Amino acid sequence: MARQYTLQRAAPTGPKIDYAAELNAEQLAAVTAPPGPALIIAGAGSGKTRTLTYRVAYLIENGILPHHILLLTFTNKAAREMLDRVAALVPQPLDGLWGGTFHSIGNRILRRHPVEAGFAAGFSILDREDAVDLMDEVVVKLELDPHEKRTPKGEVFADVLSYQLNTGFSLSDVLAEKYPHFLQYRDQFALARSRYEKKKQEANALDFDDLLEKTVALFRKHPHIAEHYQRQFQFVLVDEYQDTNHLQNDFIELLSARHHNVMVVGDDAQSIYSWRGADFHNILEFPKRHAGAQVHKIETNYRSTPEILAVANAAIAPNKKQFKKALRATRAATDSRPALIPLPDSGQQAALVAQRILELHEEGMPLEEMAVLYRAHFHSMELQMELTRRGVPFEITSGLRFFEQAHIKDVSAFLKWTVNPRDEVAFKRMARLLPGIGAKSADTLWAQVGERFRSKTQEPAAPAPTEGEDPDWSVDDEPPSALAPADRATRERPETIANPWLGMPPIKDLLAGLKVPTKTVKAWEQLAYTLDELAPGGKLAPPAQMIGSVLEAVYDDYMLANFPNYEARREDLGTLANFAKQYDSPQPFLDQLALMTSLDSDAAQRKDDPERVTLSSVHQAKGLEWRAVFVIWLAEGKFPTARSLDNDAAIEEERRLFYVAVTRAKDELYLSYPCVSYSGYGDPLQRPSRFLAEIPRELLEEWQVGGVF
DNA sequence: TACGTGGCGCTTTTT
DNA sequence: GCGCCACGTA
């Protein structure tokens, strides 16, 4: 069965990269590693991204077609950055290269084989909120005892079931670990799982987990489809491997199963996402799972002063579960050690940080070169007030993401339902915007619309999952030739742009005459008319035009009536419509909305803004660096967080988090904690974090802060 | 359905 | 010390 295929070197085009000159010995070894499974342990600040991007360039330079390379990341930002950097290195176009987040790659594959995956073309993607909305519908029907004072809500169900899927743990184990007080509901959770699956099926909608899980299931059910992709992806590269979960690891293993050229890059010491299912045993045990795997360690650090690195190495040393390694500094020694700053209370902690920021700024350090890091966002409240008082501009990495804001999601609901009229979540969201329509009426309307829609389509809207193999879908052909590097799968099986309205009566007829409350009649007619405009004559309009129609017909009025900050929201929707102009059809636009977190428009916005200090949780600071870093609230119960105190594994993760914080600093590091905090709830007395006690005193310079206060 | 009041509980976050 | 949610009423 196995087909032997010999790679041909492409004729060299353009100047070659001088790898030996541009990389250090450790990086070079990883970049030029022979094929086969490889684990790259890349310490903080060691040039991990550089290594990965040069590896891709190296593969391409050695004749591997971009089409045969798969590059997996966690975030869109990382994917974009890496692809951009590769593009800058190699002369040939990278069009065929499959690079993106796990979810976007899963989506891309599923869009080509929706039916084989058990769905219909044109499926919706449910973001986290949509998934919870749908789960709420399931939970209502479970009829949990209303006399019970506390019953789990949709959010808890969604969380538990998602965590279970991502980790592969049993339901009982997940409940015991995350929600022991809900263990009695075990059976309802199991029931909710199957009902939720059914709901998604009926709605032709996939949640984020499905984008991975259904891809894995597709491959297991249709080996010939799996084989196609396994053949195609001769080289698989994975970024931030230490944060992969069970499901993502299956995804990686399946896609690389044929060629075994899987290079995973990560730092076990920076694994900080176990609470959302990441299992750093994936990285610790990679060499065991892949016999003969090469292991490369990259430990030369270009970022921090030796004094900061000494603290970092000491900080992580107590962790038992790790690959032993020590970062080596390349920078020259300085005469300053990181500062350890106890403060009488949290107000003075805020004052110290603010004052020190101003001093550094006066010494010539730009504000954007400084950051204040903390374990939890509320730890920054006092500091925010202090900075405001002193007129220090700052930027906070938290809060609602652009696409998760209500007005963005409201408007997208119109588009989503037009593209996929089976999308229950989108329909109900849209309906609830009308005056006089709440959850109950939305439910009734949905039942009627669903009924009408089904009766108007000759075939059931959901094609039953096909059994057996699709005869038209043969992938057992010759591998893509160098002369025709275009993606064969794309040519043979383009992503179907589904149009549910073809051959259907106009939308307004579908909605006309349904029973609605008297005060809703007018708005209902208007809605029907508007939706008709989104698919005039049964043809889906371009998304930018759709947004315009929705705004003009209903949503602008809605915003005026319901939001105090009408102007800002209106502006956001203008930005959205502008963004939508790049898309001819709504489907890919909606995919983008679901799979992206932010619009890069704020980068442009920030241009004319003054420089700012960054305030960030440590989690969100991963991968970033600043010249000066302040880590605040290093007190027991704050950092490490109270919930981790009685759990060794949790403490180790907190310690890794502390390590991430420390290794963000290039030149200056300040570690502080208050002895007393009158703000907030709980015991005002604070004890210094154990992480501070673990650092040899001589590595730090202790500050004694006095003064008038 | 829409709006007002009391109680509870309080990390981290990408897709 | 505050915000969110669940429950009660018009």
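Worth saying up front: this structure is predicted, and the values here are computed from it rather than measured. Residue numbers begin at 1 in each chain, while the letters A, B, ... track the order of the sequences.
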Review point. Under the 3.5 angstrom rule, does the side chain of A:Asp345 hit a backbone N or O of A:Val676 as a donor-acceptor pair?
Key: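 Judged by distance alone, no pair lies under 3.5 Å.
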Review point. Looking only at atom C1', what distance separates B:dT12 and C:dC5, rounded to whole Å?
Key: 23 Å
Practice item. Taking atom C1' in both B:dT14 and C:dG3, compute the distance separating them and give it to the nearest angstrom. Key: 25 Å
Review point. For residues 643-659 of chain A, which residues have at least one heavy atom under 4.0 Å from DNA chain B?
Key: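 Going residue by residue through residues 643-659 of chain A, the ones with a heavy atom under 4.0 Å of DNA chain B turn out to be A:Arg643, A:Glu654.
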From [atom1] of [X] over to [atom2] of [N], roughly how many Å is that when rounded to an integer?
X	N	atom1	atom2	result
A:Phe378	B:dG9	CZ	P	16 Å
A:Lys622	B:dT11	NZ	P	22 Å
A:Leu615	B:dT12	CG	P	14 Å
A:Glu382	C:dC2	CD	P	13 Å
A:Asp443	B:dT1	CG	C1'	15 Å
A:Glu636	B:dT11	CD	P	16 Å
A:Lys440	B:dA2	NZ	P	15 Å

Do [X] and [Y] pair up side chain to side chain, a donor and an acceptor below 3.5 Å, judged on atom types alone?
X	Y	result
A:Tyr229	A:Arg112	yes
A:Asn249	A:Thr244	no
A:Ser124	A:Asp423	yes

**Study point:** Phosphate OP1/OP2 of C:dA6: any A:Lys153 side-chain N/O under 4.0 Å
**Key:** yes
Review point. A:Ser441 side chain N/O closer than 4.0 Å to the phosphate oxygens (OP1, OP2) of B:dT1?
Key: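 The answer is yes; a side-chain N or O of A:Ser441 sits under 4.0 Å from OP1 or OP2.
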[Y] six-ring face occupied by [X] cation (under 6.0 Å, within 45°):
X	Y	answer
A:Arg193	A:Tyr196	no
A:Lys178	A:Tyr163	yes
A:Arg108	A:Trp98	yes
A:Arg111	A:Phe123	yes

Practice item. Report the distance from atom CD of A:Glu424 to atom CH2 of A:Trp446, rounding to the nearest 0.5 Å. Key: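 Reported to 0.5 Å precision, the distance equals 6.0 Å.
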Revision key, fill the gap. One should read off an interatomic distance between A:Leu175 CG and A:His181 NE2, to the nearest 0.5 angstrom, of 9.5 Å
Practice item. Determine the contact category for A:Ile437: base if any of its heavy atoms lies under 4.0 Å from a base atom, sugar-phosphate if only primed atoms, P, OP1 or OP2 are that close, otherwise nothing. Key: sugar-phosphate
Check your understanding: Just checking A:Ala642: base, sugar-phosphate only, or nothing, at a heavy-atom cut-off of under 4.0 Å?
Key ->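 The answer is nothing, as A:Ala642 stays clear of every strand by at least 4.0 Å.
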Review point. Considering only side-chain heavy atoms of A:Ala376, which listed nucleotide, B:dT1, C:dC5, B:dT11, is closest?
Key: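 Shortest atom-to-atom distance from the side chain points to B:dT11.
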Exercise for review: Using heavy atoms to find the nearest nucleotide of DNA chain B for A:Arg375 and A:Leu434 separately, return the residue whose nucleotide is more 5′.
Suggested key: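 Whichever sits nearer the 5' end wins; that is A:Leu434.
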Show me the protein contacts with nucleotides 13-15 of chain B, counting only N or O atoms at under 3.5 Å.
residue	atom	partner	partner atom	Å
B:dT13	OP1	A:His377	NE2	3.1
B:dT13	OP1	A:Ser617	OG	2.6
B:dT13	OP1	A:Gln620	OE1	3.1
B:dT14	OP1	A:Gln620	NE2	3.2
B:dT14	OP2	A:Arg401	NE	3.4
B:dT14	OP2	A:Arg401	NH1	2.7
B:dT14	OP2	A:Arg401	NH2	2.3
B:dT15	OP1	A:Asn76	N	2.7
B:dT15	OP1	A:Asn76	ND2	3.4
B:dT15	OP2	A:Thr597	OG1	2.4
B:dT15	O3'	A:Leu595	O	3.4
B:dT15	O2	A:His103	NE2	3.2

